[in-house]
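Residue numbers begin at 1 in each chain, while the letters A, B, ... track the order of the sequences. Every heavy atom of this structure was used, including side-chain atoms; hydrogens, water molecules and symmetry mates were not. For clarity, every value in this text was computed on a predicted model and none was experimentally measured.
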There are 2 protein chains.
Amino acid sequence: MSKRALKTKPMNAFYAQSGGVTAVINASAAGVIEAAMKTKLINKVYAGRHGIVGALTEDLIDVSKESRATIKGLRYTPAGAFGSARYKLKSLEQDRAKYERLIEVFKAHDIGYFFYNGGNDSMDTANKVSQIGDQLGHKVVCIGVPKTVDNDLPHTDCCPGFGSVAKYVAVSTREAALDVASMAKTSTKVFVMEVMGRHAGWIAAAGGLAGKGPRQAPHIILFPEIAFDKDAFLAKVKQCVTDYSYCVIVVSEGAHYADGKFLADAGTKDSFGHTQLGGVGPVVANMVREAHGYKYHWAVADYLQRAARHIASKTDVLQAYAMGKAAVELAVKGYDAVMPTIVRKKSKPYKWEVGHVKLSDVANVEKMVPRDYITEDGFGITEKCRAYLEPLIAGEDYPPFKNGLPDYVQIKGVAVKKKLNTEFKP
Amino acid sequence: MSKRALKTKPMNAFYAQSGGVTAVINASAAGVIEAAMKTKLINKVYAGRHGIVGALTEDLIDVSKESRATIKGLRYTPAGAFGSARYKLKSLEQDRAKYERLIEVFKAHDIGYFFYNGGNDSMDTANKVSQIGDQLGHKVVCIGVPKTVDNDLPHTDCCPGFGSVAKYVAVSTREAALDVASMAKTSTKVFVMEVMGRHAGWIAAAGGLAGKGPRQAPHIILFPEIAFDKDAFLAKVKQCVTDYSYCVIVVSEGAHYADGKFLADAGTKDSFGHTQLGGVGPVVANMVREAHGYKYHWAVADYLQRAARHIASKTDVLQAYAMGKAAVELAVKGYDAVMPTIVRKKSKPYKWEVGHVKLSDVANVEKMVPRDYITEDGFGITEKCRAYLEPLIAGEDYPPFKNGLPDYVQIKGVAVKKKLNTEFKP
């Protein structure tokens, strides 16, 4: 059961950010913190400095030392204000010492709630922490807070973080396409935009929102869900340049051949013969040049796309905050080992509400772009996909600006006094 | 003299966009068109479809067929709405047939005013058209409208187009830096952001606005004005990662070694042994990996930076419009072969007014980042540089949005009926 007897004695809560950060993960943090301040069941909120690593090393940040303005500002500040970590805990058997250490730290700091803000792996970890706490006699209520730009968590309409990347990619593609269209007569005819998404093509799909109909860019999307067919691709590029005078391509970093080999691993070597540099964007652009000789440009948005809080989706910000808030509310209601979800009630106009799902049902499951979201030729998105994506990028939520730049907040990050004398190498 | 007797008979005007487009070149177009509508000396405005190529091929767009809303919308629409061209006319001797053709087309369409919206080369062309018109007995008043993201035109405080790229680069660097700082403990320690500017480092310098003081990103800027010193660079990267736990680098595409060799030409080869792919960003990132083994990410903003109207500088938009408007006003006042300029009266608060300069003084002169705008070690910007740059990115001027995307306008582009029966291959 995911619901159990309520804790009666107020305890502290631990919040941690995990994995690649997003434009709105701090909005979820604000949701957790502000909701925790409202319930009598939670005393203080401690945040892990650099996520779970902060818990293992007993490096906890006392969130109560931050000003109200800073907490409020988290809502419009991108990236992980408390520091995130790429740090995966394995099974309870393999990593038992680490799980026991977590419980030891939680016990020492009277932590009875664990809010873990991350993706698939983190949901798995949170689920295991819930189990080990029970085994070791220190019950910890573990609630996941969904976060991933990849949008690959199951059982939720979408994942906070995705909507803003989607908006950034759609906006940037539309803008760059206008640029290429202006230049095509005498100069650049092909533009390649590389976006994130190693396994799931949701972000690449979002590029498709930039235009509508065959004439409008992007003319080609390369998904990781569709094996790359070089001949078909090159033929389509040529057709676009012939018919529309230019061609805009959005390519997922995870685009690969039928045998699973990534396009990005196409054997680029530096002058010393070292394979590297990566970037599927330049690989694809070069392929076009070799086949057709067209002048090209390529962009790799990389971190810019997931950090671009200045062009965040308002829907995404609201959902990120709501997920943080709901996590606390679920905990207070007696739920354990669950994750709040976004439940779509209607697409047009978009209506959604908060649901929840067991962590064990989320952990390590990836949601790919379904085949019927991709056009038959494999190079575009269908109306069904568009109907799904459009509400997620709706609305703007500009951060405050000062001297021409977004005025993001920075935490003080006051450390909680250590109570254990033991060192732990994570 | 740059001033001469006023034309008395109303004539048509020709407007053309030239070279790489910007987020605000259409705002200059709007300035020209709206000002032209207000003077009795100008009948119709014709725009070149794809710039000067449109004039040579007699492919003129009748701007009077566009709605008022479209003209207004040009103010917030990026890229070249009428099409631009990379098409350089050489000297009057070398390209005499082309200059004569221009005058022939202008004469056929009763064009007495030529507004050329471009950079150094275009100012040179406009100057020559003014001369050849006089020689051939069809006087054309030629006024340049400054445009270049590179900010390398002399005699003007800055160039329309630059402020918006500068803002984009500063904002993106600040956002990506927060991302890297979040990840550095367990993952990415070095982030490289490649920006435009093959000869002048103004755009790279703008990255410096993202932070202040040595701790804040970017920690290193690589300018084309400073010969690249690999050892000093790698030492500085190491020092940053040691002291601040991460390092953010902004690199100009024009960064080069002391012998003039571009870093981007560092010999990247594909699997067939072809030199190519380009991108100084990945080259620099790889250099860091080889020397220090740090995990890195890199971004190449490419066209995204100059097309990013969604995060345009309000100052830049105002100046772009003002330059277009001033061009018409100068023509009406009897000036010829001049370009309006931005004259800085004060930095804090920023006060500027419209001046003008002879085209012959602008043509083919490049304004580089002065040495005292760059810190002694060559890796950062000085307070003097900051004081210069800050006003240029001030203010936001968001375009209207629809369904989560900027609602940019598109011209109808109705062609003016041809009057010449001659074909011309440009």
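Heavy atoms of Tyr168(A) lying under 4.5 Å from chain B belong exclusively to its side chain. Contact annotation for Leu178(B): both backbone and side-chain heavy atoms come within less than 4.5 Å of a heavy atom of chain A. Only the side chain of His50(B) comes within less than 4.5 Å of a heavy atom in chain A; its backbone stays farther off. Contacts between Ser313(B) and chain A at a heavy-atom distance below 4.5 Å are absent for every atom of the residue. At a 4.5 Å heavy-atom cutoff, the contact between His297(A) and chain B is made by backbone and side-chain atoms alike. Proximity to chain A involves both the backbone and the side chain of Arg86(B), based on heavy atoms less than 4.5 angstrom apart. Using a 4.5 Å cut-off between heavy atoms, Phe82(B) does not touch chain A at all. Contact annotation for Val171(B): both backbone and side-chain heavy atoms come within less than 4.5 Å of a heavy atom of chain A. The contact between Ala308(A) and chain B is made by backbone and side chain atoms together, counting heavy-atom distances below 4.5 Å. Contacts of Ala181(B) with chain A are made by backbone atoms alone, with heavy-atom separations under 4.5 Å and no side-chain atom involved.
Tyr388(B) meets the ring pair (Phe, Tyr, Trp, His ring centres under 6.0 Å) test with Trp202(B), Tyr373(B); sequence neighbours excluded. Under the salt bridge (charged side-chain N to carboxylate O under 4.0 Å, His left out) criterion, Glu396(B) pairs with Lys167(B), sequence neighbours left out.
Checked by atom type and distance alone, the side chain of Arg49(A) pairs as donor or acceptor with a backbone atom of Gly413(A) at under 3.5 Å. Looking at Gln305(B), its side chain never comes within 3.5 Å of a backbone N or O of Val169(B) through a donor-acceptor pair.
Between chain B and the residues His310(A), Met193(A), Arg174(A), Glu390(A), the most heavy-atom pairs under 4.5 angstrom are made by His310(A). With chain B as the partner, the residue from Gly83(A), Ser84(A), Ala394(A), Ala176(A) showing the most heavy-atom pairs under 4.5 Å is Ser84(A). Top candidate by heavy-atom pairs under 4.5 Å with chain A, chosen from Pro78(B), Pro406(B), Ala184(B), is Pro406(B). Note: Leu304(B) leads Leu392(B), Thr315(B), Thr173(B), Leu304(B) in heavy-atom pairs under 4.5 Å with chain A. With chain B as the partner, the residue from Ala79(A), Gly51(A), Ala177(A) showing the most heavy-atom pairs under 4.5 Å is Ala79(A).
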Full working for side-chain contact (heavy atoms from CB on, under 4.5 Å) between Thr57(A) and Lys425(A): CA-CA 7 Å; Thr57(A) 57; Lys425(A) 287 256 172 257; over 6 Å; no
From CA spacing to verdict: side-chain contact (heavy atoms from CB on, under 4.5 Å), Val21(B), Arg306(B): CA-CA 7 Å; Val21(B) 293; Arg306(B) 72 182 201 193; 4.1 Å; yes
Intermediate values then yes/no, side-chain contact (heavy atoms from CB on, under 4.5 Å), Lys189(A) and Lys295(A): CA-CA 6 Å; Lys189(A) 288 188 168 45; Lys295(A) 196 180 169 206; 5.7 Å; no
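To the nearest 0.5 Å, atom NZ of residue Lys348(B) and atom CG of residue Asn403(A) are 6.5 Å apart.
Side chains of Asn26(A) and Thr77(A): a donor-acceptor N/O pair is absent below 3.5 angstrom, by distance only.
In this pair, Phe401(B) and Tyr398(A) present their aromatic rings perpendicular. The plane angle is above 60°, beyond the 30 to 60° band.
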